[in-house]
Amino acid sequence: MSPTRPAPLRAVADVVVGGLRVRIESAEARAAARLEPAFPGCLEPPRGQPDATLRLIVTGDGRERRDPPALPRSAARALEPALRSPASAGSGRGRRLTLLLRYALADQRARACAEPVLAAARWPLTYPWGDGTFVGDLARPCGTLLLPEERLALPLVDNALVNAHGLLLGVVAARRGGLLLHGGAAARRGAGYLFLGRSGAGKSTVCRRAGRGALSDDGALVLPGARGFGVAATPLRQTARGRRPGRVAPGLVPLRLLLVLRQWRRDALVPLGAAAIAAEILGHHVHYMTLLPPPLARRILANTAALVTSVPACRFLFTREVPVWGVLQPAGAGAPEAPHG
């Protein structure tokens, strides 16, 4: 009996963020209905050559899986290049990769989709999101999101789609001299502001107080442009349950200030030097950096250095009722000068 051929993939849409184009492909007609909630305002018809490609594959019913099955021999062979890679050899990543593949490749269709990707990849990676698993090659970059049948109808599938897209977007951004950062962003009067803060620092509070100028509160894309660095919103957002996120503003806004958030008794801007803001960015705010190949990680170091020496940085001390634009854009005031050194 000849093996069952996988259903042909068709392009569903291009997700365009800051001018970077990631194509979403699937053989599932139901996938199209999941894209608009996951990527509001970012979808365009497929056009030209995309910067990266993400395929959505629906596998068997995940409810039938209990204990991890034995790893198929063919999957084990496909896994060998990943285990020999410098980032995973002798580390916990290889063990996690094996365990994930045991779950992800539990049915024939998933194996048929994942094995060729891993076998041909120059930088193979698997990563879990919910009950789904991302299998891809970050050197190309491309990836496949494997989702069990019963997860496709749940809102959580949007999180898996957005995160898998974000991983590929971060790779493309690094190649273009930019960064995908765990932070918020807002814009007003043609000037963009990047808000950096660890979980609970107040990114959502500040973005909410920015009103209609808010771009996003959980992920911002920074890219070099003709007149310096610009910032763009991304679909990576924290939103209240049951509330539809706002539409993502297209294009880049010239970046005026990098701001590290800290809740305080008063509202103020305190200048930060380049070394301090670089340490903050690299230590806490680069999305998915630990998953990237070493050449891309080195690019991120260089991109961060270019950013912090080009854009002033401040610590943004704020109260819960902070008048964001009253602090950032007081009448007649220019951007504060931050020391670089």
Side-chain touch [X]/[Y], heavy atoms, less than 4.5 angstrom:
X	Y	value
Arg315	Leu269	no
Leu255	Val253	no
Leu282	Ile300	yes
Leu125	Asp137	no
Ser204	Asp217	yes
Leu291	Leu167	yes

Do side-chain atoms of [X] reach the backbone of [Y] as a donor and acceptor pair under 3.5 angstrom?
X	Y	result
Ser26	Leu56	yes
Thr133	Leu146	no
Lys203	Gly184	no
Arg209	Val322	yes
Ser216	Asp218	no
Gln329	Arg188	yes

Practice prompt. May I ask you to check whether Trp325 and Tyr193 place their ring centers less than 6.0 Å from one another?
Written response: yes
Fill in: Arg140 atom CZ, neighbour heavy-atom count above 12 within 6.0 Å
no
Discussion item. One pair to check against side chain to side chain contact (heavy atoms under 4.5 Å, CB included): Phe195 and Leu257. What are the steps and the verdict?
Written reply: CA-CA 9 Å; Phe195 305 120; Leu257 271 178; over 6 Å; no
Worksheet entry | salt bridge (Lys or Arg N to Asp or Glu O under 4.0 Å) involving Arg47 - partner list, sequence neighbours excluded | Glu44
Worksheet entry | Partners meeting salt bridge (Lys or Arg N to Asp or Glu O under 4.0 Å) with Arg176 (sequence neighbours left out) | Asp51
Worksheet item: Between Arg21 and Asp14, is the closest basic N to carboxylate O distance under 4.0 Å?
Response: yes
Item to complete: Write out all pairs satisfying salt bridge (charged side-chain N to carboxylate O under 4.0 Å, His left out) with one or both partners inside residues 267-289, taking only residues at least two apart or from two chains.
Response: Arg198-Glu280
Item to complete: Drop me the distance from Ile24's CD1 to Arg34's CZ, to the nearest 0.5 angstrom.
Response: 13.5 Å
Worksheet item: Checking side chain to side chain contact (heavy atoms under 4.5 Å, CB included) for the pair Leu236/Val162: CA distance, chi angles, key distance, verdict?
Response: CA-CA 7 Å; Leu236 291 160; Val162 168; 3.6 Å; yes
